[in-house]
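Numbers here simply count residues along the sequence, with the first being 1. Side-chain atoms are counted along with the backbone in the values below, which use heavy atoms only and exclude waters and symmetry mates.
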Amino acid sequence: MATIHTIIQSKSVGKTIAAMMLAHYLRDERGQSVLCLDTDTMNSSLSGFAALQAVKVAIPALADHCRTIPQEIAHVVIDTSTSGFLPFCSGLRDSFLPALVEAGHSLHLHTIVTGGQPALDTFNGFHTLAGNFPDLPITVWLNPFWGEVALQNRPFEDCKVYQEHIRSVHSLVRMRDNVSLFLEDLQWMLTRHLIFNEALKGDGLPIAERSRLSRIWRHTIEQLDCAAICE
């Protein structure tokens, strides 16, 4: 049966990037069969990456859709829209989770926590997920794009919210601090809706840019290896 990875947070803080990286890693680095779903029916989020062949599914239809997952699929990666945070949370216990259990699937939550201005909202988002679903494993992606992932100068691991829900945390994934030219190269790739393998194997990318993207991808692979996502 499949492991259903749901990437969810109340703010736009890198969910789709995390979903892309996770699906890309599982499929192309670990040779797993992966199905990608995108609940953002208004925009092309994960579905914008053509190489991942993500299917658009509205949140109310997720339960029925997951009942029909082909047996050969090992992992499902769901990218939820920001507006879908509360509807997903409210429907998770009532319909989605029972449907997954009935079908023999397991659910693994992923959320993004940041520093900077969005920090409080993302810390609260993690608190909401862990508090409402204490028995579900959560992988926390620490995104330093807006600054050190900290609250009131305390790193995430030292904060009360982490200590309170530490038993729910399956793993931490530290996203690379992509500053300066690294960030420009990543933005170049994302605006073209390319996954790393496409960008690195494509023609016309200068050596320096290729090297920086390769370093970002190697860092992500190492983090996901340590997170034991496939186990």
Problem set entry | Residues V76, H5; criterion side chain to side chain contact (heavy atoms under 4.5 Å, CB included); working and verdict | CA-CA 6 Å; V76 178; H5 302 270; over 6 Å; no
Exercise. Hey, mind stepping through T6 and L107 against side chain to side chain contact (heavy atoms under 4.5 Å, CB included) and telling me if it holds?
Worked result: CA-CA 7 Å; T6 300; L107 182 61; 3.5 Å; yes
Problem set entry | Derivation and outcome, side chain to side chain contact (heavy atoms under 4.5 Å, CB included), residues L190 and F49 | CA-CA 9 Å; L190 295 176; F49 295 88; 3.9 Å; yes
Problem set entry | Derivation and outcome, ring-ring contact (aromatic ring centres under 6.0 Å, His included), residues F156 and F126 | CA-CA 11 Å; F156 177 71; F126 164 68; 5.5 Å; yes
For this session: List the steps, then state whether side chain to side chain contact (heavy atoms under 4.5 Å, CB included) holds for F145 with L186.
Result: CA-CA 12 Å; F145 179 83; L186 185 61; over 6 Å; no
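One N or O on the side chain of K56 and one on the backbone of D40 form a donor-acceptor pair closer than 3.5 Å. Counting only distance, with no hydrogens or angles, the side chain of S168 and the backbone of P134 share a donor-acceptor pair below 3.5 Å. In this structure, the side chain of D38 engages the main chain of L46 through a donor-acceptor pair within 3.5 Å. Of the possible donor and acceptor atoms, one in the side chain of H24 sits under 3.5 Å from a partner among the backbone N and O of N197. Looking only at distances, no side-chain donor or acceptor of S47 sits under 3.5 Å from a matching main-chain atom of A54. A distance-only check finds a donor-acceptor pair linking the side chain of Q163 to the backbone of E157 [under 3.5 Å].
No hydrogens or angles considered: nothing links the side chains of S214 and R210 as a donor-acceptor pair under 3.5 Å. No side-chain donor-acceptor contact under 3.5 Å links H105 and T3. Between the side chains of T114 and N143, no donor N or O sits under 3.5 Å from an acceptor N or O. Judged by distance alone, the side chains of T139 and S171 do bring a donor and an acceptor atom under 3.5 Å apart. Using a 3.5 Å distance cut-off with no hydrogens or angles, the side chains of E72 and S33 do not pair a donor with an acceptor.
F196 is not listed as a side-chain neighbour of Y25, based on a closest heavy-atom distance of 4.5 Å or more. Using a 4.5 Å heavy-atom cutoff, the side chains of I78 and T80 are in contact. Side-chain contact between P206 and E209: present, with at least one pair of heavy atoms (C-beta onward) separated by less than 4.5 Å. Contact annotation: the side chain of R27 never approaches that of Q32 to less than 4.5 Å [non-hydrogen atoms, C-beta and beyond]. Residues V140 and I138 are in side-chain contact: their nearest non-hydrogen atoms beyond the backbone lie under 4.5 Å apart. Two residues are said to be in side-chain contact when any heavy atoms from C-beta on lie closer than 4.5 Å; K15 and I17 fail this criterion. Side-chain contact between V34 and C36 is present, with heavy atoms from C-beta onward closer than 4.5 Å.
With T122 as the fixed residue, the side chain to side chain contact (heavy atoms under 4.5 Å, CB included) test singles out one of V149, L151, V13, L142: V13.
Counting heavy-atom neighbours within 6.0 Å of E164 CD, excluding the residue itself, gives a total above 12. Within 6.0 Å of CD1 on I166 lie more than 12 heavy atoms contributed by other residues, nucleotides or ligands. Residue Q117 places its CD atom among 12 or fewer non-hydrogen atoms of other residues, nucleotides or ligands, all under 6.0 Å distant. The local environment of CD in Q152 is sparse, with at most 12 non-hydrogen atoms from other residues, nucleotides or ligands closer than 6.0 Å.
Note on I229: it does not cluster hydrophobically with M1, by side-chain heavy-atom contacts below 4.5 Å among ILVMFWY residues.
Atom NE2 of residue H127 and atom CG of residue N132 lie 8.5 Å apart, to the nearest 0.5 angstrom. Atom-to-atom distance recorded for M21:CE and I221:CD1 is 10.0 Å, nearest 0.5 angstrom. Note: Y162 OH to R154 CZ = 13.5 Å, rounded to the nearest 0.5 Å. Atom CE in M189 sits 13.5 Å away from atom CZ in R212 (nearest 0.5 Å). In this structure, S45 OG and D79 CG are separated by 5.5 Å, a value rounded to the nearest 0.5 Å. For the atom pair CG of N124 and CD of Q9, the computed distance is 9.0 Å after rounding to the nearest 0.5 Å.
In this structure, H110 and W141 have tilted ring planes: the angle between them lies in the 30° to 60° band.
Using a 4.0 Å cut-off between charged nitrogen and carboxylate oxygen, R30 and D225 count as a salt-bridge pair. For the pair R215 and E222, the salt-bridge criterion is not met [side-chain N within less than 4.0 Å of a carboxylate O].
Across all non-hydrogen atoms, the minimal contact from L172 to R174 is CD1-NH2, 3.9 Å. Closest approach of W146 to G115, counting heavy atoms only: CB-O, 3.4 Å. Nearest heavy-atom pair, P155 versus E148, reported as atom, atom and distance to 0.1 Å: CG-OE2, 3.9 Å.
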